[in-house]
Amino acid sequence: MKDKTYEKIFAILTKKNKDTIESIRKVDDNGQEYWTSRDLCPVLGYSEYRFFLPAARKAWSACKESGHNPEDHFEVLHDMVKIGYGAERQADNIKMTRYACYLTVMNADSSKPIVAQAQTYFAIQTRRAEILLQDTHLTEEEQRRLLLRKEMKKHNTQLARAAKWLVLQLIKIMLFFRMLAMKDYITV
């Protein structure tokens with residue numbers, strides 16, 4: 001598939017859906033971004049947290065099986081939540097890195113439209129990153145050629161601008177001499 005196809009698919013995602021996942025992103029005291037499972041659950045269309053937990057468990061497992069330490073990406077929190085009449089109780093929550101959030105979305109129920117769109121969003125973001133990495137892994141010769149091509153483009157643009165300016169100056173000079181010739185013709 002061409003990269004333009006990815007751009008078309010990305011355009012299909014509504015700004016609202018893309019922004020929803022980013023809007024629940026938080027930043028901790030160390031400047032690290034994270035998501036919480038309780039915030040992500042309703043965004044992905046789950047009516048109850050218990051239905052969301054299998055996706056988080058699969059994501060944990062996928063993280064472990066891929067050779068990463070899940071504890072670096074998933075941190076179990078114990079939050080106090082209100083249960084009515086001012087009472088509170090302890091409820092588990094999971095603090096997730098972007099990677100953990102990505103794995104959770106990829107393991108969520110894709111029959112939910114928002115999940116399918118989120119999966120598409122992450123897939124496209126992954127492709128964009130791959131393309132950027134390809135550009136940075138060019139050989140020295142390819143990098144030199146790319147630099148020369150960019151320089152030539154810049155110089156060609158400057159040359160075209162200068163040629164346009166010169167043509168305009170020549171037209172002005174021609175009009176000036178034509179007006180002089182007409183003036184001599186009219187006064188004779």
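All heavy atoms count here, side chains included; hydrogens, waters and symmetry mates do not.
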Just to verify, what does Leu159 make a side chain to side chain contact (heavy atoms under 4.5 Å, CB included) with, not counting sequence neighbours? none
Taking Asp109's backbone N and O only, do any of them form a donor-acceptor pair with Tyr46's side chain (distance below 3.5 Å, no angle check)? yes
Partners meeting side chain to side chain contact (heavy atoms under 4.5 Å, CB included) with Asp72 (sequence neighbours left out): Asn69
ring-ring contact (aromatic ring centres under 6.0 Å, His included) against Tyr34, all qualifying residues, sequence neighbours excluded: none
Residue pairs passing the salt bridge (charged side-chain N to carboxylate O under 4.0 Å, His left out) test where at least one lies in residues 36-47, sequence neighbours excluded: Lys26-Asp39
For Cys41 and Phe51, what are the C-alpha separation, side-chain angles and deciding distance, and is it a side-chain contact (heavy atoms from CB on, under 4.5 Å)? CA-CA 9 Å; Cys41 174; Phe51 297 133; over 6 Å; no
Using a 4.5 Å cut-off between side-chain heavy atoms of Ile, Leu, Val, Met, Phe, Trp and Tyr, which other residues end up in the same hydrophobic cluster as Val167? Ile171, Leu175
Gap between atom NZ of Lys95 and atom CG of Asp79 - 0.5 Å precision: 11.0 Å
For Met80, does the CE atom sit with more than 12 other heavy atoms under 6.0 Å from it, leaving out its own atoms? yes
Could you grab the distance from atom CZ of Phe74 to atom OG1 of Thr97, nearest 0.5 Å is fine? 7.0 Å
Salt bridge (Lys or Arg N to Asp or Glu O under 4.0 Å) partners for Arg178, two or more places apart: none
Without hydrogens or angle criteria, can the side chains of His78 and Asn93 be said to hold a donor-acceptor pair below 3.5 Å? no
Going from OG on Ser61 to CG on Asn107, what distance comes out if it is rounded to the nearest 0.5 angstrom? 8.5 Å
Rounded to the nearest 0.5 Å, how far apart are OG1 of Thr104 and CZ of Phe52? 5.5 Å
Does any pair with a residue in residues 94-114 pass ring-ring contact (aromatic ring centres under 6.0 Å, His included), and if so which ones, sequence neighbours excluded? His68-Tyr99, His73-Tyr99, Tyr102-Phe122
Taken to the nearest 0.5 Å, the spacing of Ile94 CD1 from Leu53 CG works out to 6.0 Å
According to salt bridge (charged side-chain N to carboxylate O under 4.0 Å, His left out), does anything in residues 53-66 pair up with another residue at least two apart or in another chain? List the pairs. none
Holding to salt bridge (Lys or Arg N to Asp or Glu O under 4.0 Å), I want the full list of residues that pass it with Arg144, two or more places apart in sequence or in another chain. Glu141
Name all residues meeting the side chain to side chain contact (heavy atoms under 4.5 Å, CB included) criterion together with Ile83; count only those two or more places apart in sequence or in a different chain, and write none if there are none. Ala87, Arg89
Contacts of type salt bridge (Lys or Arg N to Asp or Glu O under 4.0 Å), residue Glu71, not counting sequence neighbours: none
State, with a plain yes or no, whether a side-chain heavy atom of Gln117 is found less than 4.5 Å away from one of Ile114. yes
With sequence neighbours left out, what residues match Lys154 under side chain to side chain contact (heavy atoms under 4.5 Å, CB included)? Glu151, Gln158
Nearest heavy-atom contact between Ser110 and Ala116 is O-CB, 3.8 Å
